[in-house]
Q: 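Take this structure, written in structure tokens, and hold onto it; I'll ask about it next.
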Amino acid sequence: MDAQTWPVGFRCLLLLALVGSARSEGVQTCEEVRKLFQWRLLGAVRGLPDSPRAGPDLQVCISKKPTCCTRKMEERYQIASRQDMQQLLQTSSSTLKFLISRNAAAFQETLETLIKQAENYTSILFCNTYRNMALEAAASVQEFFTDVGLYLFGADVNPEEFINRFFDSLFPLVYNHLINPGVTDSSLEYSECIRMARRDVSPFGNIPKRVMGQMGRSLLPSRTFLQALNLGIEVINTTDYLHFSKECSRAFLKMQYCPHCQGLTLSKPCMGYCLNVMRGCLAHMVELNPHWHGYIRSLEELSDAMHGTYDIEHVLLNFHLLVSDAVIQAHLNGQKLLEQVNKICGRPVRTPTQSPRCSFEQSKEKHGMKTTARRSEETLANRRKEFINSLRLYRSFYGGLADQLCANELAATDGLPCWNGEDIVKSYSLRVVGNGVKAQSGNPEVKVKGTDPVINQIIDKLKHVIQLLQGRSPKPDKWELLQLGSGGGMVEQVSGDCDDEDGCGGSGSGEVKRTLKITDWMPDDMNFSDVKQIHHTDSGSTLDTTGAGCAAATESMTFTLIGVVMLLPGIW
């Protein structure tokens, strides 16, 4: 025997010697069993036998040979075996659970940072360019981005309402400081009249409608993505604490602790025996596997679709540009708006005042307006991609869980003596069944009956979130961002004409027109008589001043992607 193989051979011989020693000692004394029992159950139990004796009152660990167990010990062993199994389930899923929970927290933190940065950009826009109205606009800007965060993180707020509320509150400021500057109306009632008149006189043109479209295409997928991650954590938490049947509790006891009653404290179950027990007791959990696989695939598809104007990072960090365009448009049409407001609200009684000026530090760098190129690995899209790549490794997690537990934790190594439920043998001789409920009809170790209501409930939740992630909800009345009462919104994206909402109007510099072609996918509840095109324009921005950055992603988008966002309702 050479130097390399000697340690392996020695360990095998030592293990066999220990098994044999434990068994021979178990026949003569119960000392080792007593020690392990007290250590495992954290305390002494009266009546532990010193030597093997008859055990006629045992219910599961029945043997013709003398035993080191009592009925009380058997009951405690059964509790311990259930705890062991739950601990094994929690340990086996811990990496997956940590992966999802860590990324859910990271995505939320990143979104919070983006919201704060977008709010900062917008505030500094007013401070640097429209400083006379900056302090008055601050509350509206803060309220708007607070609502954006509330919606993203699952609150019951309506994006159409908070977008309209923002532009409603912006119009009196623009009117007083740019359209009719120099003096400020002292009447709150008159300012309220101007605010209410905004939707009638449309001072900002189609820009509010464009904001609704961009926010609809980006906020809803991100909200759904986060909620889907939380559901994934809920699924794992539920299966970690799955309630086992009485039949399985007895099977666990027989597999794990009944050998102790015969003094076989170092024995492990045979692989085939372990597979039968674990495949039987986790049979209902295996039914989750196709739905879990579909859940991960749907997350991946949605993540891949969140590009360009569907990318919340792009939309949030360029919001201030649309606000600037809105103010400029109102200013350019000032004379017409002045006449319209005078007609609706009358001529106000006005008093000269000194407008409060912006008190912010004027350094652009201090407030983040100096936008540098972000490294690609820092973007939200790349973080999602890395997460999906890691999550993809767990697509068959529930389908192979029983086998994984036996191979990694429970069963004896092939070729070594093992426990078959009654004695130490060379190998397990009974039939080994497959995975899943249907395969359990011939299981010699565990009888699987009926269905598991908890597992069925999880499956229903997974089906629901998959439906939402894929954008195939059959109830259009629940489409949150399609109910745009002002006539705008995402329904109008399906049009042969270029709509300002989709970015066709001028903004900044470097307009780039894109065309999105509708392909062969179409929801059941939408009818189109012919194949149309959706035009889209990427305007210059702090993220991409040429528009070239989203060209490839935009050109490759299909109507399937648009359908995902259009049809996603809110979750729960």
Side-chain angles (χ1 to χ4, degrees), residues 104-131 133-174 191-192 195-196 198-199 204 207-227 229-230 306 311-327 356 358-361 366-369 380 480-481 483-486 489 542 568 570-572:
F107 292 144
Q108 179 161 333
E109 183 179 357
T110 301
L111 288 172
E112 289 171 351
T113 301
L114 286 173
I115 292 168
K116 192 63 181 176
Q117 191 174 5
E119 180 182 346
N120 201 28
Y121 281 12
T122 309
S123 296
I124 293 172
L125 166 72
F126 284 103
C127 189
N128 290 348
T129 309
Y130 310 107
R131 62 180 62 182
M133 67 177 85
L135 289 180
E136 294 174 84
S140 296
V141 171
Q142 183 180 41
E143 181 184 16
F144 174 80
F145 285 103
T146 297
D147 286 334
V148 168
L150 288 172
Y151 178 77
L152 277 174
F153 305 136
D156 186 19
V157 294
N158 188 316
E160 178 190 357
E161 291 178 2
F162 66 70
I163 291 169
N164 274 324
R165 189 162 57 244
F166 173 78
F167 286 103
D168 288 346
S169 65
L170 181 61
F171 183 40
L173 304 182
V174 173
S191 292
E192 179 64 15
R195 192 185 75 83
M196 295 294 291
R198 197 272 300 178
R199 302 186 200 189
F204 307 124
I207 290 176
K209 177 181 169 183
R210 287 170 58 189
V211 171
M212 288 181 190
Q214 290 189 13
M215 290 289 178
R217 290 190 294 266
S218 61
L219 294 184
L220 186 54
S222 294
R223 169 184 166 111
T224 305
F225 192 85
L226 277 177
Q227 290 175 324
L229 295 190
N230 289 327
M306 293 159 69
D311 182 359
I312 190 169
E313 189 168 21
H314 174 89
V315 170
L316 287 178
L317 295 183
N318 287 278
F319 173 75
H320 66 287
L321 296 181
L322 287 176
V323 173
S324 180
D325 284 354
V327 174
C358 175
S359 60
F360 293 164
E361 175 69 39
K366 181 172 182 179
H367 289 282
M369 284 297 289
L380 191 60
E480 291 189 7
L481 293 184
Q483 312 301 319
L484 300 182
S486 60
T542 55
L568 278 173
I571 302 181
W572 314 294

Q: So how far is it from E109 CD to E112 CD, rounded to the nearest 0.5 Å?
A: 7.0 Å

Q: Could you measure the distance from the CD atom of E143 to the CG atom of L150? Nearest 0.5 Å is fine.
A: 10.0 Å

Q: Would you sort out whether L380 and L111 count as a side-chain contact (heavy atoms from CB on, under 4.5 Å), showing the intermediate values?
A: CA-CA 8 Å; L380 191 60; L111 288 172; 3.8 Å; yes

Q: How about L322 and Q214: do any of their side-chain heavy atoms sit closer than 4.5 Å?
A: yes

Q: May I ask you to test the V211-F167 pair for a side-chain heavy-atom distance under 4.5 Å?
A: yes

Q: Can you tell me how far CD of E160 sits from CE of M212, rounded to the nearest 0.5 angstrom?
A: 5.0 Å

Q: Are any of the side-chain heavy atoms of Q108 and L152 separated by less than 4.5 Å?
A: no

Q: Give me the atom names and distance for the closest heavy-atom approach of S169 to R195.
A: N-CG, 4.1 Å

Q: The criterion is side-chain hydrogen bond (donor to acceptor under 3.5 Å, both in side chains); which residues satisfy it with N230, sequence neighbours excluded?
A: none

Q: Could you tell me whether the side chain of Y130 reaches within less than 4.5 Å of the side chain of V174, counting heavy atoms only?
A: no

Q: Is V148 close to L316 at the side-chain level, that is, under 4.5 Å between some pair of heavy atoms?
A: yes

Q: Rounded to the nearest 0.5 Å, what's the gap from CZ on F144 to CE on M215? Could you check?
A: 3.5 Å

Q: Under a 4.5 Å cut-off applied to non-hydrogen side-chain atoms, are D147 and R165 in contact?
A: yes

Q: Determine whether a donor-acceptor pair (N or O, by modelled atom type, separation under 3.5 Å) exists between the side chain of S324 and the backbone of H320.
A: no

Q: Give a yes/no verdict on a cation-pi contact between R223 and Y151, requiring under 6.0 Å between NZ or CZ and the six-membered ring centre and an angle within 45° of the axis.
A: yes

Q: Would you call the rings of F319 and F145 parallel, tilted or perpendicular, where under 30° means parallel and over 60° means perpendicular?
A: perpendicular

Q: Provide the closest heavy-atom pair for P172 versus S191 in the form atom of the first, atom of the second, distance.
A: CG-O, 3.6 Å

Q: Would you say that V315 contacts L219 through its side chain, given a criterion of any heavy-atom pair below 4.5 Å between the two side chains?
A: no

Q: How many angstroms lie between NE2 in H314 and OG in S218, if you round to the nearest 0.5 Å?
A: 9.0 Å

Q: Looking only at heavy atoms, what is the nearest atom pair of F126 and V141, with distance?
A: CE1-CG2, 3.9 Å

Q: Please name the pair of heavy atoms, one in M306 and one in S222, separated by the smallest distance, quoted to 0.1 Å.
A: CE-OG, 3.4 Å

Q: Atom CG in L317, atom CD1 in I115: separation rounded to 0.5 Å?
A: 10.5 Å

Q: Using the rule given for side-chain contact (heavy atoms from CB on, under 4.5 Å), can you reason through F166 versus V323, listing the C-alpha separation, both sets of side-chain angles and the distance that settles it, and then say yes or no?
A: CA-CA 10 Å; F166 173 78; V323 173; 3.9 Å; yes

Q: Compare all side-chain heavy atoms of F204 with those of L170 and state whether any distance is below 4.5 angstrom.
A: yes

